Amino acid sequence: MVATAATSSFFPVTPSPDSSDSKKKRLGNGSINLGGIKSKTSSGNLQVKANAQAPPKINGTKVVTPPAEVFKNEDGVSFHPPRTFINQLPDWSMLLAAITTVFLAAEKQWMMLDWKPKRPDMLIDPFGIGKIVQDGLVFRQNFSIRSYEIGADQTASIETVMNHLQETALNHVGSAGLLVDGFGSTPEMCKKNLIWVVTRMQVVVDRYPTWGNVVQVDTWVSASGKNCMRRDWLVRDSKTGEVLTRASSIWVMMNKVTRRLSKMPEEVRGEIEPYFMNSEPVIAEDSRKLVKLDGSSAEFVRKGLTPRWSDLDVNQHVNNVKYIGWILESAPLPILETHELSSMTLEYRRECGRDSVLQSLTAVSDNGTDEIECQHLLRLEDGSEVMRGRTQWRPKNAKISGNVGQIPADTA
C-alpha cells in the first residue's frame, strides 16, 4: 500500500483516450447484467458510485498528485496525451529533497563518530583494561573519575579510591592468566576451594582527585611470611605524575566451604611466586596496636547496619570496601564537614554475610593539633568483632608535603 502510494506520487497514472472510449462502448446506455447484479442508468448516463480514495501519504505527509494535462483536438474534444517516457518522469524537486535529507543525516552521523575534543583538558576516556609493565611484574591501569564517584566535597570518595585498588588487583591476576573463578582464585586454588581474603590494609591519601581527572594505578605483589601475600598500590595523576594515594595490604587464603583460614599449598605458591617482586612496602608499616572499643569507650555508635544484596561479592560475603563506609557511618558530622580522611589502618577479623546486623563504634582522640585521630570498631550485634580501624583526618584544603612514593625497582 505504501509502495503504491509512493509510486503514484512520482509516476501518476492517467487513463488513455482509447481505454475511456472502450469502457463507454462496453457499458452502453442500458442496464448491464454482471452475474445477477444490475446497474441502473438515469437519463442515458451511467451512474457509478465509487468509494472515496484518500490522497496517498509518504512518511505521514500527504502527497498531492498534480492533475494530468488535458489537450483539445481540432473539433474541441478534450483528450489526455498518450503515455510517453517524458511525461511520466517523477517530480525532481521531491527526489532532490529526499537525497539531500539522506546526505545531511549521514554527514551528521559521521561527524559524531569522528568527534575529537577541541581542548586537551576536556573530559575524555580513551582507556582499556590496563597493561603489564616493568618486566611483567607491575600492572598499570587508568581510571577517569566519573560524576557519580565524587562526594559533597567535589572530590572522589574514599570508596571510589578503594574500588580502583580492588579493580586493578583483579585485573592484574586476570592479565597474568591466573584468574579462573571467584575473586582472584588461581586454577590450583579453585581445585582446593580456596579464595583470597584481606586481613590488613594501610592507605595514605595525599590528595583526592576531582571529577574529570584521570588517575594511573600501579599494583604489584610480594611475599609476606610463609602463608601470606602482600599487595601494594601507587596512584598518580596521569597528567602530572603527582602521587595521590599509596596503599599496602596483606592477603591470606580461606576455604570457601568451611570458611576457615588455610595455609598456602605448594601448588598455589608455584603459580604465584614468579610474579612476586622483592621490594619493601610502599608504606612504612604502622605497628601501633589498634584499640578495641566497647560501649563505654566509644563516643559515637551507629546500630542496625545491614548489608544489601548489592554489597555481596562473588564469594557471597560483604565486599571489604563496604566495611569502610560502615565505620564512617559513626564518624561525627563536624569532622566530616571540616576535615578529610588522610590515612587509615584496617584489620579485618571476621567476614560478614547478607543476614548480619552490625554496629559501628567510633572514639575521637584529640592530639592537640589540627589533625584528628579516630578509633573504630565494626562488630556484630552479639559482640563479635568484624573489623578494627584507625583513621587520621586533616583540615580540608591543607597543603600536603611528605614522601613521594615510587615503584620499587625490579630486584626479583
Side-chain angles (χ1 to χ4, degrees), residues 158-159 161-163 165-166 169 183-184 195-205 219 221-233 245-255 259-264 280-302 305 307 311 313 315 317-331 341-353 356-365 372-393:
I158 186 62
E159 288 91 346
V161 175
M162 299 302 293
N163 281 325
L165 303 186
Q166 180 174 271
F183 263 17
I195 57 176
W196 289 109
V197 291
V198 60
T199 60
R200 185 178 177 88
M201 175 81 74
Q202 255 187 280
V203 181
V204 175
V205 181
T219 184
V221 291
S222 305
S224 178
K226 186 177 180 180
N227 294 304
C228 304
M229 179 185 73
R230 189 185 80 242
R231 178 174 286 279
D232 293 332
W233 292 271
T245 304
R246 291 162 287 148
S248 185
S249 60
I250 301 297
W251 298 75
V252 297
M253 293 186 179
M254 183 180 76
N255 189 297
R259 315 308 286 186
R260 293 184 178 182
L261 298 183
S262 172
K263 294 182 178 180
M264 184 183 295
E280 296 297 323
V282 72
I283 303 175
E285 182 180 357
D286 186 353
S287 59
R288 292 179 297 166
K289 185 177 180 180
L290 295 177
V291 179
K292 179 181 179 180
L293 298 179
D294 54 28
S296 60
S297 58
E299 304 169 65
F300 306 92
V301 180
R302 177 71 183 273
L305 300 174
D311 297 329
D313 59 24
N315 294 321
H317 62 205
V318 176
N319 189 292
N320 63 81
V321 177
K322 183 62 181 178
Y323 293 178
I324 300 172
W326 278 336
I327 66 172
L328 298 181
E329 285 286 338
S330 59
L341 182 64
S342 59
S343 67
M344 62 182 178
T345 302
L346 308 173
E347 286 184 0
Y348 296 86
R349 295 175 173 262
R350 182 188 298 268
E351 69 173 335
C352 178
S356 302
V357 182
L358 302 99
Q359 299 176 350
S360 176
L361 293 76
T362 297
V364 180
S365 303
I372 299 175
E373 184 176 278
C374 297
Q375 307 292 333
H376 304 274
L377 176 66
L378 191 64
R379 68 183 183 184
L380 300 176
E381 283 190 324
D382 61 6
S384 302
E385 292 185 46
V386 175
M387 185 180 70
R388 293 186 188 183
R390 177 172 51 246
T391 58
Q392 290 183 318
W393 304 74

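Please read these numbers as outputs of a predicted model, since none were measured by experiment. Position 1 is the first residue of the sequence, and the numbers go up from there.
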Does the side chain of [Y] come within less than 4.5 Å of [X]'s, by heavy atoms?
{"X": "Lys322", "Y": "Pro307", "result": "no"}
{"X": "Thr245", "Y": "Trp233", "result": "no"}
{"X": "Gln166", "Y": "Asn320", "result": "yes"}
{"X": "Arg350", "Y": "Glu385", "result": "no"}

- Can Ser342 and Gln392 be counted as having a side-chain donor-acceptor contact under 3.5 angstrom?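 Note: Ser342 and Gln392 side chains miss the donor-acceptor criterion.
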- Message: Among Arg388, Lys289, Arg200, which residue satisfies the salt bridge (charged side-chain N to carboxylate O under 4.0 Å, His left out) criterion with Glu347?
- Response: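 Testing Glu347 for a salt bridge (charged side-chain N to carboxylate O under 4.0 Å, His left out) against Arg388, Lys289, Arg200 leaves exactly one candidate, Arg200.
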Between [X] (side chain only) and [Y] (backbone N and O only), is there a donor and an acceptor less than 3.5 Å apart?
{"X": "Glu299", "Y": "Val364", "value": "yes"}
{"X": "Tyr323", "Y": "Met387", "value": "no"}
{"X": "Ser330", "Y": "Arg302", "value": "no"}

- Item | Atom CZ of Arg260 with >12 non-hydrogen neighbours under 6.0 angstrom |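 No.
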- Message: Which residue in the set Leu290, Val203, Ile327, Thr199 passes side-chain contact (heavy atoms from CB on, under 4.5 Å) when paired with Leu346?
- Response: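 Among Leu290, Val203, Ile327, Thr199, the one that satisfies the side-chain contact (heavy atoms from CB on, under 4.5 Å) with Leu346 is Ile327.
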- Query: How far apart are the closest heavy atoms of Trp393 and Leu341, and which atoms are they?
  - Reply: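 Closest heavy-atom pair between Trp393 and Leu341: CE3-N, 3.4 Å.
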